[in-house]
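Encoded as structure tokens, the structure appears first; notes follow it.
All chains are named by letter (A, B, ...) in the order of the sequence lines, taking the proteins before the strands, and each is independently numbered beginning at 1.
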Protein chains: 2
Amino acid sequence: MARVTPLHRDDPDKEPLAGNVRVTKQDWLNVALDTLITDGIEQVKVLALADRMSVSRSSFYWYFKSRQDLLDALLDHWLATNTKAIITAAEKDARTVTEAVCNIFIGFVDPNQFSTTLDFAIRDWARRSGKVRRVIDTSDAQRLAAITQVFERFGYPSDESLIRAKVLYYMQIGYNDADLQEPMDARQSQVGHYIHAFTGQHASEAELTAFRAAIGAFAP
Amino acid sequence: MARVTPLHRDDPDKEPLAGNVRVTKQDWLNVALDTLITDGIEQVKVLALADRMSVSRSSFYWYFKSRQDLLDALLDHWLATNTKAIITAAEKDARTVTEAVCNIFIGFVDPNQFSTTLDFAIRDWARRSGKVRRVIDTSDAQRLAAITQVFERFGYPSDESLIRAKVLYYMQIGYNDADLQEPMDARQSQVGHYIHAFTGQHASEAELTAFRAAIGAFAP
DNA sequence: GTCTGTCTAGACACTTCTGTCTAGAGGCGT
DNA sequence: ACGCCTCTAGACAGAAGTGTCTAGACAGAC
């Protein structure tokens, strides 16, 4: 009954002694999160998580009241990370629209700020849970409002700003949904076209190279 | 054990006699499709479908070899309808880019051509099935190619056409994913801004009113 | 060293799926 | 009227999931 390394342990200080079969509440959460992302919410099953950590299933009920209790914790985690990341990216100071749009792009792409895979695992989950749907709708509205304000800040009229925010935001959602396989390079080299579609303006070559450099850091 | 009306029977000629508890293979498919759309693929369970038709669960196995057999049939149905609809809409004759883009819009919105809800129920399903994922990727590529050709047909350079196709297509996917609640009217009144973002050109007032009239037919 | 509180293993009870098998109801051709 | 063919009901078996209970291992406080 050897203990395997947990998948996403963030605090190495809490690592239990070797040979110890005990796990922390955070371990359960990390494995649950990983399973949610790769296999979907309905695969987050107590037995499956326990097996993955080589621990007894009944141990779970020491940390969580029920499976639902764990799922609530996962949703809370998402709320505290992803939505906050986009809003922060949108509010970041910028001297031109292009720069601001690039900031948002980077916010979506930088894995330190935003987890794309988690985002659409949650979005997925929302389709079978009205409660999650409501949480996500609020979150989408907040993100959209933040992006809309970017355009307004640069002088776009109010109604046009909303449309541009939607084109940008929904395009990101759709991209994540349908086109994750495509290598980042393709998008990079065409980034001028994207920016023109989003802002209605042509970006300067300096802005484009700055963006390519910034985004290049996250290429696979 | 009274027989209830099936939900999506399309051929009334095959309606069994009143009081007869028998159902057709098509009945199973229709109820399965409806359940897939409203509750997701993992809720397509033999017992649930049987209950909904007030029929015995074991009757299912007369028509289908297994549950998987039914799921395959659902995927085939989607392939034969939705993807075909978008390609047809893109290939439709148009005199201006705006008109062509509007045709695609209408293709996505007209429930007689395209089922939005089915489309993203399938997309949802793809996240937990590698096989479905592959089918959907092929399908997305075909839709994207058809939309790209629209822009090329109107003189956009090849690489720019692909980008514009993606902005348009992914924005639709993202919209379906995140914003289905919003009333259609809002999008209608702002349609000029959308078209400008997609084509880079300003649509004439005549084109806009024509579009509004066309899309108005499908408003709720 | 012992006690106590923390956590885990394993057995148990219950529910909900899938799939099989068999008897038989009922329409339809002859 | 008879039998065949089509389809359904219900019993059965088995897998997989959640949640509970109890004994006990182990670490740390004292």
Original post:
Starting at OH of B/Tyr63 and ending at C1' of D/dT8, how long is that distance when rounded to a whole Å?
Top reply: 9 Å
Subject >> Upstream residue (5' side of DNA chain D) when A/Ser66 and B/Trp62 are each assigned their closest nucleotide >> reply: B/Trp62
Original post:
Quick one: B/Asp51 CG to C/dT15 P, roughly how many Å, whole number?
Top reply: 16 Å
Original post:
Any side-chain N or O of A/Ser56 less than 4.0 Å from the OP1 or OP2 oxygen of C/dA9?
Top reply: yes
Original post:
Heavy-atom distance under 4.5 Å between the side chains of B/Gln113 and B/Ile106, does that happen here?
Top reply: yes
**OP:** Let me know the distance between CG of A/Leu49 and C1' of D/dG19, rounded to the nearest Å.
**Re:** 15 Å
Subject >> Distance in Å, B/Leu144 CG paired with B/Ser139 OG, rounded so as to fall on 0.5 Å steps >> reply: 11.0 Å
Original post:
Considering only heavy atoms and no angle criterion, is a donor-acceptor pair shorter than 3.5 Å present between the side chain of B/Arg67 and the base of C/dG19?
Top reply: no
Original post:
Once you round it to whole Å, what is the distance between C1' of C/dT16 and CD of A/Glu42?
Top reply: 16 Å
**OP:** Quickly work out the B/Tyr61 OH to C/dT20 C1' distance and round it to whole Å.
**Re:** 9 Å
Subject >> A/Leu70 CG - D/dT18 C1' separation (whole Å) >> reply: 13 Å
Subject >> Flag if over 12 foreign heavy atoms under 6.0 Å of CG, A/Asp93 >> reply: no
**OP:** Could you check how far CZ of A/Arg57 sits from P of D/dA16, rounded to whole Å?
**Re:** 13 Å
Original post:
Atom CZ in B/Arg143, atom CD1 in B/Ile173: separation rounded to 0.5 Å?
Top reply: 6.0 Å
Original post:
Would you say the side chain of A/Ser58 and the base of C/dG10 hold a donor-acceptor pair, judged only by whether the two atoms sit under 3.5 Å apart?
Top reply: yes
**OP:** Using distance alone, with no hydrogens and no angle criterion, decide if A/Asn30 and A/Gln26 have a side-chain donor and acceptor under 3.5 Å apart.
**Re:** yes
Original post:
Which part of the nucleic acid, if any, lies within contact of A/Ser59, taking any heavy atom under 4.0 Å across all strands shown: a base, the sugar-phosphate backbone alone, or nothing?
Top reply: sugar-phosphate
Original post:
B/Phe60 has an atom CZ; how far is it from atom C1' of C/dC21, in whole Å?
Top reply: 17 Å
Subject >> Closest to the A/Lys45 side chain, choosing from D/dG17, D/dT8, C/dT8 >> reply: D/dG17
Original post:
Considering only D/dG17, D/dT8, C/dT8, which nucleotide approaches the side chain of B/Arg22 most closely?
Top reply: D/dT8
